[in-house]
Protein chains: 2
Amino acid sequence: MKTELRQDRDLSAQIADVLRNAIIEGRLLIDERLPSEAELADSYGVSRPTVREALKRLAAQSLIRTQRGASGGAFVNRISYDDAYGQQVSTATLLLSMNEVDFETACDARFALERSAAALSSERRSADHLAAMRAEIHRQAQPGLSDESFCASDVAFHRALVDGAGNPVLSWHLAGAIEGMQPLMNMITFSARDRARIIDLHAKLTDALEARNASGIETALDALCQETKQMAEQVKEARQQRPGTA
Amino acid sequence: MKTELRQDRDLSAQIADVLRNAIIEGRLLIDERLPSEAELADSYGVSRPTVREALKRLAAQSLIRTQRGASGGAFVNRISYDDAYGQQVSTATLLLSMNEVDFETACDARFALERSAAALSSERRSADHLAAMRAEIHRQAQPGLSDESFCASDVAFHRALVDGAGNPVLSWHLAGAIEGMQPLMNMITFSARDRARIIDLHAKLTDALEARNASGIETALDALCQETKQMAEQVKEARQQRPGTA
DNA sequence: AACTTTTCATTTGTCAGACATTTAAAAGTC
DNA sequence: GACTTTTAAATGTCTGACAAATGAAAAGTT
């Protein structure tokens, strides 16, 4: 772990890179303790604050955890499913909302991925998943539901659908595709007629899933994709007519 | 941006959370400048090193960039596609290699996702994508290729396939599924017979893509999935017979 | 007046040293 | 032996300082 640092870049960034590579490439094993801050500072020839900034960078990526006290220190972290889930959603959200990704592209990608998950789900889903989906449909039909709550329920519905595949890795991937679009979806105003159509499609989708009818699922998902893109298009047109609200 | 901080948690972590939320929820716009470190330290009642640790956490997630000099400071960053790509691959890699995700689950998820991307690619792929895929097949057939290089070429092949869909968001999602498995794939030793079978399937896959034959693509992908899982199974059995090499 | 050079204030990057707090192990006490 | 106290090690935080980069204003020059 001896690397000469250049002087023309942030020292803390370079140290973070060195340690990050050591962790990713497996030279530092899970739960292994890193040298203390003082030792790291000494071995890289920098001050402790600089080392600490490097360690905080790694902590932000859940690569290490720190513990105070005797026999404390920084330890290589086994990233938890929840941490990875949050990072996935967060990165997807930023990618979609900060880069001029048009809604149609994001939507196409999302439903393409969901189609394959739904196909697996139709083989493996349990009664619990169906029940969760029907519960969300029921919530979506309640009058007086805010657009935001409708959106949240929509996410929960699709999440249950995907979880039906019984593959946590697949669920993790889909989290980015589905939950990452939430900010974009929240810009949509759902009219009563929109909601009715969506709820109808959700019902058809759930029925097809219950019957393990793969083609029926695909049809419903395609229709949902079209519906969603259409609503987004309407929002876009409304924006163009009276700009400034953006 | 005035929030009381508790004393029972890391101050730098709390400050990072506050700023992160402000960015994600859009209260701080892209390219907007954050207050200077001294001002932040003052407004949160902490010292500058503490503020700096918080800012480094955000920088590690590409949420901000910093610039020195007059009119410098920390600016809300528009995350680049490349940054998001790297984060996606990195998170997926860690999730798969650090958590006891069995190979079969990861493999199923990966090919499920790739199936849907391939379906889109069969409609939209250009001649360039086909050429890139055939070039990788050619490389894979070369004798004396290391397992690692074979793996890398395999990734490039599938990446070209996915890129054929012409949807960068889809490519981004698939990057996690495909490249994230690379460490797991690198543990496999590819015998000459294994390689021949894989190359044959790659050729069939490319032919089907050229013919825009969706069902042929699906068949080839399913076979590849089976083949991959089988090879992993063999590695697993070999490990169990003489442990300690792990 | 127009252009060039210099100076300067601002801001991040880094350092040194100190103290506070937490924690586990060692030492002491009953 | 069981409990309490002490101690040492480590992270968390603070203060104050200097270095380096950078843009803008001031000064100087033609």
Side-chain angles (χ1 to χ4, degrees), chain A residues 1 3-20 22-23 28 30-77, chain B residues 1 3-20 22-23 28 30-77:
Chain A
M1 205 134 52
T3 311
E4 282 307 311
L5 303 179
R6 280 171 306 197
Q7 287 299 326
D8 57 340
R9 266 190 62 208
D10 277 13
L11 295 176
S12 69
Q14 290 182 64
I15 294 172
D17 283 343
V18 171
L19 294 175
R20 184 182 299 110
I23 293 172
L28 288 169
I30 286 180
D31 292 336
E32 188 174 336
R33 182 179 173 279
L34 273 65
S36 74
E37 294 174 355
E39 286 170 328
L40 285 172
D42 206 44
S43 81
Y44 288 110
V46 300
S47 68
R48 197 156 81 89
T50 301
V51 167
R52 282 182 60 80
E53 288 179 8
L55 293 179
K56 294 314 163 200
R57 293 177 123 108
L58 301 180
Q61 299 176 299
S62 305
L63 284 171
I64 61 169
R65 63 180 185 279
T66 54
Q67 216 166 7
R68 295 222 277 199
S71 77
F75 298 84
V76 178
N77 198 31
Chain B
M1 205 131 54
T3 312
E4 282 307 311
L5 304 179
R6 280 171 307 197
Q7 287 298 328
D8 56 342
R9 264 190 63 209
D10 276 14
L11 294 175
S12 69
Q14 290 182 65
I15 293 172
D17 284 343
V18 171
L19 294 175
R20 184 182 300 111
I23 293 173
L28 288 170
I30 286 179
D31 292 335
E32 188 174 338
R33 182 178 173 281
L34 274 63
S36 74
E37 295 174 354
E39 286 170 328
L40 285 172
D42 205 46
S43 81
Y44 287 110
V46 299
S47 67
R48 196 156 82 89
T50 301
V51 167
R52 282 183 60 81
E53 288 179 7
L55 293 179
K56 294 316 163 202
R57 295 177 119 108
L58 301 181
Q61 300 177 300
S62 305
L63 284 171
I64 61 169
R65 62 178 184 279
T66 55
Q67 214 166 8
R68 294 222 277 200
S71 76
F75 299 84
V76 178
N77 199 30

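Below, chains carry the letters A, B, ... as their sequence lines are ordered, and counting in each starts from 1.
- If you measure from atom CD of B:E37 to atom P of D:dA20, you get 18 Å, rounded to the nearest angstrom.
- Ion pairing between B:R48 and B:D42 fails under the 4.0 Å rule for side-chain N and carboxylate O.
- Mapping A:G69 and A:E53 onto DNA chain C via the closest heavy atom, the residue that lands nearer the 5' end is A:E53.
- Taking atom CZ on B:R48 and atom C1' on C:dC15, their separation rounds to 11 Å, with Å as the unit.
- For the OP1/OP2 pair of D:dA10 and a distance below 4.0 Å, the side-chain nitrogens and oxygens of A:S71 include no atom meeting the criterion.
- Between B:T50 and D:dG12 there is no side-chain polar atom (N or O) within less than 4.0 angstrom of OP1 or OP2.
- At least one side-chain heavy atom of A:L34 sits less than 4.5 Å from a side-chain heavy atom of A:V76.
- Salt bridge annotation for A:R9-A:D17: present, with a cationic side-chain nitrogen under 4.0 angstrom from a carboxylate oxygen.
- Taken from CZ in B:R57 to CZ in B:R20, the straight-line distance is 8.0 Å, to the nearest 0.5 Å.
- Nearest-nucleotide assignment on DNA chain C puts the 5′-proximal partner with A:L11, out of A:L11 and A:A70.
- Here C:dC15 presents its C1' atom at 13 Å from CD1 of A:I15, a figure rounded to the nearest Å.
- Atom-to-atom, CZ of B:R68 to C1' of C:dA9 comes out at 16 Å; the value is rounded to the nearest Å.
- An OP1 or OP2 oxygen of C:dG13 is reached within less than 4.0 angstrom by a side-chain nitrogen or oxygen of B:R52.
- Nucleic acid contact for A:R33: sugar-phosphate only, since backbone atoms but no base atoms lie under 4.0 Å from a heavy atom of the residue.
- Spacing between atom CG of B:L55 and atom C1' of C:dT14 amounts to 15 Å, rounded to whole angstrom units.
- Atom CZ of A:R57 is separated from atom C1' of C:dG13 by 11 Å (rounded to the nearest Å).
- Between B:K56 atom NZ and C:dT14 atom C1' there is a gap of 11 Å when expressed in whole angstrom units.
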